[in-house]
Number of protein chains: 2
Amino acid sequence: MRVEVTDALSRAFFSEWSRVGYAALSLERVAKAAGVGKAALYRRWPSKAAMASDLLSRVGLTLTETGDMGSLEADVRALLLAFRRVLRHRLIRRILTDLLAEIGREPALETALRPFQQARRDRVQQLIERAIARGELAATVDRETILDFLVAPLYWRLAVTKGRSDIAYIERLVRMTKAAMAAG
Amino acid sequence: MRVEVTDALSRAFFSEWSRVGYAALSLERVAKAAGVGKAALYRRWPSKAAMASDLLSRVGLTLTETGDMGSLEADVRALLLAFRRVLRHRLIRRILTDLLAEIGREPALETALRPFQQARRDRVQQLIERAIARGELAATVDRETILDFLVAPLYWRLAVTKGRSDIAYIERLVRMTKAAMAAG
DNA sequence: GTTGGATGGAACGATAGCGTTCCATCCATA
DNA sequence: TATGGATGGAACGCTATCGTTCCATCCAAC
């Protein structure tokens, strides 16, 4: 099967997803937007959920990885900046919020999202372990709750309240997150 | 118009919303689930968006209000517990996540949600002002960012990662949030 | 008891996506 | 240059919802 057709379909799928949402996503429109016959789509994927899962799992490979930045503060800053870079894409933001809403209804999507969550979780775990090794955090901190604190406020601001997220904000977030981690 | 019909329609609307999501919500099914003719529904609301906005604005009145608990820590705890009580309802959680995803596509919904956001914002503002008056927080703290920290982690855990939120977790959240606020 | 308005229910034509099938055309490989 | 598989496009029957209309029934207020 021709690769450019597959690519066009993938792009159209995400574009449509962002535009109308998962539930209202019509494969007929996806094919049309890709400039492709419906048959070409159904030859590749049997259903909307299957297509979504497949495409999401492919994208999962693109996750950025940041190494040891030398200190907890620098690690947190790097993580937040990387997260911000991703969440600033309108298309990604739309799809992510939609995905989080749709997961409760389409179990297949949860499976597809799991690699992302696991990658994020692993990355934060490493960050915490490094901080403990450096003596910047107590060994008894609650990993799960720290994970919540490292991701949630920035997500909330970028995807929900749609406020500013300039460097000054990120720096404040770094300070506050560090303080929270030390208390956890 | 008969009140019990209006009530049945309202209940059915939220129930269906939670079940299939806003985009896939069919007013025909809502009427059927309410045991009511479609005409009775369209006599009351002209469209899905209008019905959603109207019903949401009615619900807005039910927002719980907690007074001064005597200290920043007690205030934060009360806020988190109240928030948890709301977010523990499966129906509310589903509708809320769905709403946050749909807002980008249906401006009318943003208008309907605004009173909620404003109420939450006001409440947090009062909490902060009280803390400053008590000398527990510096007058220079960033209100907006604190707002993010007070709401986001708990939302993230309850609505996204679907992890535990027992009292021990809430207490940890109180400690960490307090530390973050002091650093902000 | 009468009356007037709201009701449940059924049907309308229109639109749209579903998943599938068919076919003439295109194009890469051999 | 020949050939076989993928292609775009059109159409299939089916189902569902839309927003509207009609009507016989019901019920509450007078």
Side-chain angles (χ1 to χ4, degrees), chain A residues 1-56 58 94-95 98-99 101-102 104-109 112, chain B residues 1-56 58 94-95 98-99 101-102 104-109 112:
Chain A
M1 297 184 181
R2 277 159 56 191
V3 185
E4 67 262 31
V5 170
T6 307
D7 287 350
L9 281 170
S10 306
R11 270 194 297 275
F13 187 86
F14 283 125
S15 164
E16 280 290 299
W17 189 344
S18 158
R19 200 172 62 82
V20 302
Y22 182 84
L25 209 175
S26 144
L27 296 188
E28 198 144 10
R29 270 202 311 269
V30 169
K32 189 163 293 180
V36 151
K38 255 206 303 184
L41 190 157
Y42 278 102
R43 231 173 270 131
R44 290 171 168 77
W45 300 279
S47 72
K48 182 163 69 169
M51 185 168 181
S53 296
D54 180 49
L55 294 186
L56 284 175
R58 287 181 207 279
R94 285 265 186 98
I95 291 179
D98 216 90
L99 197 48
E102 212 65 38
R105 286 181 277 272
E106 192 88 50
L109 290 181
Chain B
M1 297 184 179
R2 276 159 56 190
V3 184
E4 66 262 31
V5 170
T6 307
D7 287 351
L9 282 169
S10 306
R11 271 194 298 274
F13 186 86
F14 284 125
S15 164
E16 281 289 299
W17 188 343
S18 158
R19 198 172 63 83
V20 302
Y22 182 82
L25 208 175
S26 146
L27 297 187
E28 198 142 11
R29 269 203 310 271
V30 169
K32 190 162 291 179
V36 152
K38 254 206 302 184
L41 191 155
Y42 279 102
R43 228 173 272 133
R44 289 171 169 77
W45 300 280
S47 71
K48 182 161 69 168
M51 185 168 181
S53 297
D54 180 48
L55 294 187
L56 284 174
R58 287 180 205 279
R94 285 264 186 99
I95 291 179
D98 216 90
L99 197 48
E102 212 66 39
R105 287 181 278 274
E106 193 89 49
L109 291 182

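Below, chain A is the first sequence line, B the second, and so on; all start at residue 1. All values below were derived from every heavy atom in this structure, side-chain atoms included, with hydrogens, water molecules and symmetry-related copies excluded.
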> Should Ser26(B) be listed as having a side-chain N or O under 4.0 Å from OP1 or OP2 of dA16(D)?
Replying inline: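 Indeed not, no polar side-chain atom of Ser26(B) lies that close.
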
> Below 4.0 angstrom from OP1 or OP2 of dG19(C), is there any side-chain N or O of Ser47(A)?
Replying inline: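 For dG19(C), OP1/OP2 do not have a side-chain N/O of Ser47(A) under 4.0 Å.
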
For [X], what residues pass the side-chain contact (heavy atoms from CB on, under 4.5 Å) criterion, not counting sequence neighbours?
| X | answer |
| --- | --- |
| Ser15(B) | none |
| Ala112(B) | Ser53(B), Leu56(B) |
| Lys32(B) | none |
| Arg19(B) | Glu16(B), Arg29(B) |

>> Checking Arg2(B) now: which residues fulfil side-chain hydrogen bond (donor to acceptor under 3.5 Å, both in side chains) with it, not counting sequence neighbours?
In response: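 If we apply the side-chain hydrogen bond (donor to acceptor under 3.5 Å, both in side chains) test to Arg2(B), skipping adjacent residues, the hits are Glu4(B).
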
> Can you find a pair of side-chain heavy atoms, one from Leu27(A) and one from Trp45(A), that are under 4.5 Å apart?
Replying inline: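 Not touching, per the 4.5 Å side-chain cut-off.
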
> Can you check whether Arg105(A) reaches Asp98(B) side chain to side chain, under 4.5 Å on heavy atoms?
Replying inline: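 Yes; the side chains approach each other to less than 4.5 Å.
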
> How would nucleotides 4-13 of chain D be written as a contact map, 5' to 3', with B for base contact, S for sugar-phosphate-only contact and - for no contact, using protein heavy atoms under 4.0 Å?
Replying inline: --SBSB-B--

>> Once rounded to the nearest 0.5 Å, what's the spacing between atom CG of Leu9(B) and atom CG of Leu41(B)?
In response: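 The distance works out to 5.0 Å.
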
> Roughly how far, to the nearest 0.5 Å, is CE of Met51(A) from CZ of Phe14(A)?
Replying inline: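 The CZ atom of Phe14(A) sits 8.0 Å away from the CE atom of Met51(A).
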
>> Angle between the two end axes of the helix from dG1(C)-dC30(D) to dA30(C)-dT1(D), five base pairs per end, rounded to 10 degrees?
In response: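 Here the helix ends are tilted 20° relative to one another.
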
>> Which residues in residues 7-20 of chain B have a heavy atom closer than 4.0 Å to any atom of DNA chain C?
In response: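 Close to the strand, none.
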
Report the distance from atom [atom1] of [X] to atom [atom2] of [N], rounded to the nearest whole Å.
| X | N | atom1 | atom2 | result |
| --- | --- | --- | --- | --- |
| Lys48(B) | dG19(D) | NZ | P | 9 Å |
| Leu27(B) | dT17(D) | CG | C1' | 9 Å |
| Met51(B) | dT17(D) | CE | P | 15 Å |
| Trp45(B) | dC18(D) | CH2 | P | 15 Å |

> Sequence neighbours excluded, which residues qualify as ring-ring contact (aromatic ring centres under 6.0 Å, His included) partners of Trp17(B)?
Replying inline: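 Trp17(B): ring-ring contact (aromatic ring centres under 6.0 Å, His included) contacts with Phe13(B), Tyr22(B).
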
> Tell me, which pairs form a salt bridge (charged side-chain N to carboxylate O under 4.0 Å, His left out) where one or both residues lie in residues 39-55 of chain A, sequence neighbours left out?
Replying inline: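 Pairs touching residues 39-55 of chain A that pass the test: Asp54(A)-Arg58(A).
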
